[in-house]
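A short worksheet on the structure shown next.
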Amino acid sequence: MLTVDGLETFYGASQALFSVTLEVREGEVVTLLGRNGMGKTTTVHSITGIVPARSGRIEFEGQQIEKARSFRIGQAGIALVPEGRQVFPNLTVRENLVATAANRHGRADPWTVTRILDMFPPLADRFDAMGSLLSGGEQQMLAIGRALMTNPKLLILDEATEGLAPLVRQEIWRCLERLKVDGQSILVIDKNIADLARVADRHYIIEKGTIVWAGTTRELQSDPELLAERIGV
Ligand code: ATP
């Protein structure tokens, strides 16, 4: 579904990504792991066109997208749940959800506001509240709901549960497990390896802008030294 090959991204003269190569297949949940500042956000920002790639190839469902504008990449079927949520602060929960609603690829059972509220019941109680008044957990649920309302083929989450209370984190992981059962393809960044291992099929570790390891959940779990050395857990 998504193939990233030899991706190089710069901020001005400073190179952040060095030949990043990774793949997400249809129906897979894949993680991008690494310490702070290693290039995880830059990688997903390059995939989504927020920080353009200097060179390399990004192919999504057979289309070259490395030169495409962000909104085109969104229309092609990639949705990002950004780090820090970035819900629309002066729109209500309902408005945040309907603002992005689209079913461009004619999904038979498209996401609706009702289905999002069923996935995240706390949002129902806050339906008419402004985005800015929500708790961090509610904002993250809304950010995921907003992304799902675009009926994405690939959902990308940057720091899925960072800064959230343990109970809310569990709610987010439950949501990702449900999405996986439904066949949703997901690329997720998070630091919580134990929870990621429950839901993910494969993992990539990025260090100083380069993918230094790729493998399955079983391979990752069987190598505690790798986790300690590369991710610091
Ligand atoms: P974190 O989890 O802390 O967000 P990360 O793995 O997502 O870390 P990136 O944010 O992708 O890492 O950063 C990769 C490198 O690019 C770092 O050296 C960072 O300082 C640099 N960088 C990130 N954003 C910018 C920017 N807007 N301008 C210049 N350099 C940047």
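Numbering of ligands and ligand atoms starts at 1, following listing order.
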(message) Keeping Glu66 on the side-chain end and Ile58 on the backbone end, is there a donor-acceptor pair under 3.5 Å?
(response)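 Flag set: sc Glu66 to bb Ile58 pair under 3.5 Å.
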(message) Has Arg169 got a side-chain atom pairing as donor or acceptor with Glu162's backbone, closer than 3.5 angstrom?
(response)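 Between the backbone of Glu162 and the side chain of Arg169 there is no qualifying donor-acceptor contact (under 3.5 Å).
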Which of the ligand 1 atoms, numbered from 1, are nearer than 4.0 Å to a heavy atom of [X]:
X      : result
Glu83  : 4 (O)
Glu159 : 2 (O)
Ala16  : 16 (O)
Thr42  : 9 (P), 11 (O), 13 (O), 14 (C)
Met38  : 5 (P), 6 (O), 12 (O)

(message) Using heavy-atom distances only, which candidate in Gly39, Ser46, Gly209, Gly12 approaches atom 12 (O) of ligand 1 most closely?
(response) Gly39
(request) For atom 2 (O) of ligand 1, state which one of Lys40, Glu207, Glu162 supplies the nearest heavy atom. (result)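 When every heavy atom of Lys40, Glu207, Glu162 is considered, Lys40 comes closest to atom 2 (O) of ligand 1.
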(message) Strictly less than 4.0 Å: does any protein heavy-atom distance to atom 4 (O) of ligand 1 fall in that range?
(response) yes
(message) If we count only non-hydrogen protein atoms and require a distance under 4.0 Å, does atom 29 (C) of ligand 1 qualify as touching the protein?
(response) yes
(request) Please determine, by modelled atom types, if Tyr204 and Thr21 share a side-chain donor-acceptor pair under 3.5 angstrom. (result) no
(request) Please report the closest heavy-atom contact between Arg146 and Asn96, naming both atoms and the distance. (result) CG-O, 3.6 Å
Nearest protein heavy atom with distance in Å, relative to [atom]:
atom                    : value
atom 15 (C) of ligand 1 : Gly37 O, 3.7 Å
atom 22 (N) of ligand 1 : Tyr11 CE1, 3.4 Å
atom 10 (O) of ligand 1 : Thr41 CB, 3.8 Å

(message) Using the rule side chain to side chain contact (heavy atoms under 4.5 Å, CB included), only one of Asn36, Thr161, Leu196 pairs with Lys191; which is it?
(response)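 When Asn36, Thr161, Leu196 are each tested with Lys191, the side chain to side chain contact (heavy atoms under 4.5 Å, CB included) holds only for Asn36.
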(message) Applying the side chain to side chain contact (heavy atoms under 4.5 Å, CB included) criterion to Val29, which one of Glu177, Lys180, Gln184 satisfies it?
(response) Lys180
(request) State whether Phe120 and Arg126 meet the cation-pi test: NZ (Lys) or CZ (Arg) under 6.0 Å from the six-membered ring centroid, and within 45° of the perpendicular axis. (result) no
(request) Just jot down the side chain to side chain donor-acceptor pair (under 3.5 Å) partners of Thr9, sequence neighbours excluded, or say none. (result)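 Only Ser46 meet the side chain to side chain donor-acceptor pair (under 3.5 Å) criterion with Thr9.
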(message) Residue-level breakdown please: for Arg35 versus ligand 1, do any non-hydrogen atoms fall below 4.0 Å on the side chain, on the backbone, on both, or on neither?
(response)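 For Arg35, only backbone atoms sit under 4.0 Å from ligand 1.
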(request) Before giving the answer on salt bridge (Lys or Arg N to Asp or Glu O under 4.0 Å), spell out for Asp118 and Arg115 the whole-Å C-alpha distance, their side-chain angles and the decisive distance to 0.1 Å. (result) CA-CA 5 Å; Asp118 174 56; Arg115 283 184 64 200; over 6 Å; no
